[in-house]
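Computed from a predicted structure; not experimentally measured. Reckoned from all heavy atoms, side chains included, excluding hydrogens, waters and symmetry mates.
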Amino acid sequence: MSRLGMLYALTDAEVNRLRAVPEEERYDYMLEHFEDELFGTPRACELDKAWIGLQYCLGGGVWREENRVPLNLVFSGEFLVETEDAEIITLKDHAAVSNICDWLQCHDLTALIRENFPKITDPDFPYGNADGLEHVLGWSEDIPAFYENANHEHLQVIFTVDC
């Protein structure tokens with residue numbers, strides 16, 4: 001179970017091509033067409049396993065999935081893939097990317113993580129220690145610049161994870 005999360009910024013044409021693929025084939029399509037091309041560029045943001053802690057922190061220490069800022073910063077959005085094999089792709093459209101970018105410009109993501117990480121009490125949360133906090137902080141550093149670039153380039157954003 002890898003649980004490695006990624007954010008990718010896609011053009012409208014790329015999103016349309018992804019939507020044209022049957023849902024059960026979309027995750028593999030994303031790996032073949034977007035991961036290879038975008039990984040290591042400003043259009044990709046690697047989250048490792050820190051996305052889990054980040055989602056808890058965005059929810060005030062509680063796992064919440066809602067399509068509003070900041071809860072849609074990582075996990076939420078329109079589900080394009082949600083398979084029985086636990087492959088997930090969610091989409092943030094242009095309006096969501098703009099709202100996320102605006103929120104990130106007005107809020108300190110690092111401070112929010114530091115404030116809310118100790119509030120995570122879920123016994124199933126696997127990273128609840130000082131090393132876990134540093135892991136989440138380290139992997140979240142690139143998120144503001146990623147969203148700023150996606151907004152500037154008028155791109156949509158997908159979150160991908162293979163649970």
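- When every heavy atom of L104 is checked against every heavy atom of P144, the shortest pair comes out as CD1-CA, 3.9 Å.
- For E32, there are no side chain to side chain donor-acceptor pair (under 3.5 Å) partners two or more places apart in sequence or in a different chain.
- When all heavy atoms of D122 and D124 are compared, the closest pair comes out as OD1-N, 2.8 Å.
- By the 4.5 Å heavy-atom criterion applied to side chains, N16 and L18 are not counted as neighbours.
- Scanning all heavy atoms of the two residues, the minimum distance from G5 to F159 falls at CA-CE1, 3.9 Å.
- Ring orientation note: the planes of W103 and H107 are close to parallel, at an angle under 30° on the 30°/60° scale.
- Looking only at side-chain heavy atoms (C-beta outward), I120 and V62 stay at 4.5 Å or farther from each other.
- With 3.5 Å as the limit, one finds a donor-acceptor pair spanning the side chains of W63 and E65.
- Interatomic distance, Y127 OH to I52 CD1, rounded to the nearest 0.5 Å: 4.5 Å.
- If you take NE2 on H135 and OG on S140, they are separated by 10.0 Å, rounding to the nearest 0.5 Å.
- Hydrophobic clustering, with ILVMFWY side chains joined whenever heavy atoms are under 4.5 angstrom apart, keeps F146 apart from I89.
- For the pair W51/W139, no side-chain contact is recorded, criterion being any heavy-atom separation below 4.5 Å from C-beta on.
- Annotation: side chain of Y56 is not in contact with side chain of R64 (no heavy-atom distance under 4.5 Å).
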- Message: Set out, in order, the CA-CA distance, both residues' side-chain angles and the distance that settles side-chain contact (heavy atoms from CB on, under 4.5 Å) for V157 and I100, then state yes or no.
- Response: CA-CA 11 Å; V157 169; I100 290 167; over 6 Å; no

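- Among residues two or more places apart in sequence or in another chain, the side-chain contact (heavy atoms from CB on, under 4.5 Å) test is passed with P22 by E24, E25.
- Expressed to the nearest 0.5 Å, how far CG of L38 lies from CG of L7 amounts to 12.0 Å.
- Between V161 and L4 there is no side-chain heavy-atom pair separated by less than 4.5 Å.
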Output a table of donor-acceptor pairs, distance under 3.5 Å, between side-chain atoms of residues 67-82 and any protein atom two or more places apart or on a different chain; print 'none' if there are none.
{"residue": "N67", "atom": "OD1", "partner": "G77", "partner atom": "N", "Å": "2.6"}
{"residue": "R68", "atom": "NE", "partner": "E66", "partner atom": "OE1", "Å": "2.7"}
{"residue": "R68", "atom": "NH2", "partner": "E66", "partner atom": "OE1", "Å": "3.3"}
{"residue": "S76", "atom": "OG", "partner": "E66", "partner atom": "N", "Å": "3.1"}
{"residue": "S76", "atom": "OG", "partner": "E66", "partner atom": "O", "Å": "3.3"}
{"residue": "E78", "atom": "OE1", "partner": "R19", "partner atom": "NH2", "Å": "2.8"}
{"residue": "E78", "atom": "OE2", "partner": "R19", "partner atom": "NH1", "Å": "2.9"}
{"residue": "E78", "atom": "OE2", "partner": "R19", "partner atom": "NH2", "Å": "3.4"}

- Task: Please report the C-alpha distance between I158 and L10 in whole Å, then the side-chain angles of each, then the deciding distance to 0.1 Å, and finally whether the side-chain contact (heavy atoms from CB on, under 4.5 Å) criterion is met.
- Result: CA-CA 7 Å; I158 60 171; L10 305 181; 3.7 Å; yes

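- Here H94 pairs with H154 under the ring-ring contact (aromatic ring centres under 6.0 Å, His included) rule; sequence neighbours left out.
- Here the side chains of M6 and Y8 are in contact, with some heavy-atom distance below 4.5 Å.
- To the nearest 0.5 Å, atom CG of residue D142 and atom CD of residue E148 are 14.0 Å apart.
- T11 is linked by a side-chain contact (heavy atoms from CB on, under 4.5 Å) to A13, E14, R43, L155, counting only residues two or more places apart in sequence or in another chain.
- The CD atom of E87 sits 4.0 Å away from the OG1 atom of T83 when rounded to the nearest 0.5 Å.
- Residues Y27 and D162 bring no donor and acceptor atom of their side chains to less than 3.5 Å of each other.
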Which donor-acceptor pairs under 3.5 Å do the side chains of residues 111-118 make with protein atoms, sequence neighbours left out?
{"residue": "N116", "atom": "OD1", "partner": "K119", "partner atom": "NZ", "Å": "3.2"}
{"residue": "N116", "atom": "ND2", "partner": "C57", "partner atom": "O", "Å": "2.8"}

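- Ring centroids of F34 and Y29 are separated by less than 6.0 Å, placing the two rings close together.
- Residues Y147 and C101 come closest through the heavy atom pair O-SG, 4.0 Å.
- For Q156 (side chain) and L91 (main-chain N/O), no donor-acceptor pair under 3.5 Å exists by modelled atom type.
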